[in-house]
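To keep things clear, I will list the structure first and then write my remarks on it.
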Amino acid sequence: MDISLLTAALSGALVALLLTLFGGGGSVLATPLLLYVVGVRDPHVAIGTSAAAVAVNAAVGLLAQAKAGRVKWPCALTFGAPGLVGSLLGAHLAKAVNGQHLLVWFALAMAAVGLSMFRAPGSPGDPDVQIDPAKAMRLVPVGAATGLAAGFFGIGGGFLIAPGLMAATGMTLANAAASSLVSVTMFGAATSLSYAASGLVDGRLFLALIAGGAAGVAIGAKLAPRLAARALLARRLFAVMIVATAGYVAWCALGGA
């Protein structure tokens with residue numbers, strides 16, 4: 001077996017495991033793993049390929065959350081539609097940026113993801129939230145800005161989407177996490193299609209990431225109950241790992257390695 005496919009499958013398993021255990025933030029590790037573990041040389045290919053895998057993983061998660069009735073579809077689609085336009089624009093802009101410069105910006109986004117994960121959950125929110133004109137007016141600009149960032153950095157954007165949904169609508173964290181998968185799927189698909197149109201998605205590595213991801217989800221589902229009692233501590237340790245990885249990405253991009 002090609003060693004790059006094996007390491008891509010293992011990387012996909014790790015990302016899916018972390019996503020299952022911690023939710024938003026896990027997908028941001030996909031690009032560094034492709035670059036520094038799998039050995040992808042072009043940062044644009046790493047971003048495009050990881051975005052495709054993130055979109056598929058999010059879609060699978062969305063199906064499960066939809067069946068459980070946790071997705072607030074009107075709010076999610078009002079947020080996601082303008083974000084889809086933003087993600088296409090962001091991906092177009094990113095492809096025009098030098099790969100190493102883009103990695104510096106990506107490292108800053110990673111650091112922001114990690115730091116955001118140190119926060120403890122806020123108020124429980126309203127489980128029966130409904131869309132109205134006032135909420136829609138808040139959701140549209142936040143969705144567009146989040147999509148732009150997700151497309152530019154090639155990340156799912158879940159760490160931005162869930163808080164944005166909660167702030168704009170007052171929904172619960174559980175509903176926001178589930179509803180965010182609508183946008184993560186849309187943004188990841190748009191970003192990866194934009195990169196694929198430019199020949200910047202590696203199909204073999206994409207399939208390996210997805211195959212490994214299936215195993216990661218299964219393992220994460222078994223481990224999640226054991227972490228429930230120490231969820232906040234585990235989440236913060238994971239955040240430290242993300243921030244440290246961001247530092248390494250920036251160091252490499254700036255010529256340290």
Side-chain angles (χ1 to χ4, degrees), residues 1-58 60 94 97-114 117 150 152-159 184 188 191-192 195-196 199-220 223 234-235 237-257:
M1 181 179 182
D2 189 326
I3 189 64
S4 65
L5 295 180
L6 176 61
T7 53
L10 293 173
S11 297
L14 176 60
V15 169
L17 170 64
L18 294 172
L19 277 169
T20 303
L21 292 176
F22 303 109
S27 61
V28 79
L29 292 175
T31 294
L33 285 169
L34 285 175
L35 287 169
Y36 308 119
V37 176
V38 179
V40 175
R41 294 184 178 276
D42 186 343
H44 292 103
V45 172
I47 289 174
T49 305
S50 65
V54 165
V56 172
N57 288 335
V60 172
V97 176
N98 173 274
Q100 296 306 310
H101 294 167
L102 183 59
L103 284 179
V104 174
W105 287 104
F106 182 85
L108 292 175
M110 280 193 73
V113 172
M117 294 180 72
F152 185 81
F153 295 116
I155 56 179
F159 78 103
V184 174
T191 300
S192 60
Y195 275 79
L200 297 173
V201 172
D202 188 313
R204 294 165 67 248
L205 294 181
F206 163 70
L207 292 175
L209 286 170
I210 297 304
V217 169
I219 296 171
L223 291 178
R235 184 177 175 84
L237 290 174
F238 177 44
V240 170
M241 182 176 71
I242 289 180
V243 172
T245 304
Y248 180 75
V249 171
W251 180 67
C252 291
L254 293 170

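What you see below is based on every heavy atom in this structure, not just the backbone, and it leaves out hydrogens, waters and symmetry mates.
The CD1 atom of I47 lies 8.5 Å from the CZ atom of F152; values are rounded to the nearest 0.5 Å. How far CG of L29 is from CG of L34: 11.0 Å, rounded to the nearest 0.5 Å.
Scored by the side chain to side chain contact (heavy atoms under 4.5 Å, CB included) test, L10 finds L6 as partners (sequence neighbours excluded). A search for side chain to side chain donor-acceptor pair (under 3.5 Å) contacts involving N98 returns nothing, not counting sequence neighbours. The side chain to side chain donor-acceptor pair (under 3.5 Å) test applied to S50 returns T31, not counting sequence neighbours. Under the rule for a side chain to side chain contact (heavy atoms under 4.5 Å, CB included), the partners of I210 that lie at least two apart in sequence or sit in another chain are A53, V56, N57, F206. Residues passing the side chain to side chain contact (heavy atoms under 4.5 Å, CB included) test with A196 are V201, sequence neighbours excluded. Under the side chain to side chain contact (heavy atoms under 4.5 Å, CB included) criterion, A239 pairs with M117, F118, not counting sequence neighbours.
Here the closest heavy-atom approach between residue V249 and residue L103 is recorded as CG1-O, 3.7 Å. Of all heavy-atom pairs spanning W105 and F153, the tightest one is O-CE2, 3.2 Å. Scanning all heavy atoms of the two residues, the minimum distance from F106 to V28 falls at CZ-O, 3.5 Å. Residues V40 and L35 share a closest heavy-atom pair of O-CD2, 3.3 Å. The shortest heavy-atom contact between S4 and L205 is O-CD2, 3.8 Å. Between A94 and H44, the closest heavy-atom pair is O-NE2, 3.3 Å.
Pairs engaging residues 41-57 under the salt bridge (Lys or Arg N to Asp or Glu O under 4.0 Å) rule: none recorded [sequence neighbours left out]. Pairs engaging residues 200-210 under the salt bridge (Lys or Arg N to Asp or Glu O under 4.0 Å) rule: D2-R204 [sequence neighbours left out].
For the pair Y36/C252, a side-chain contact is recorded, criterion being any heavy-atom separation below 4.5 Å from C-beta on.
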Distance-only criterion, 3.5 Å: show the donor-acceptor pairs between side-chain atoms of residues 240-247 and protein atoms not counting sequence neighbours.
| from | atom 1 | to | atom 2 | distance (Å) |
| --- | --- | --- | --- | --- |
| T245 | OG1 | M241 | O | 2.8 |

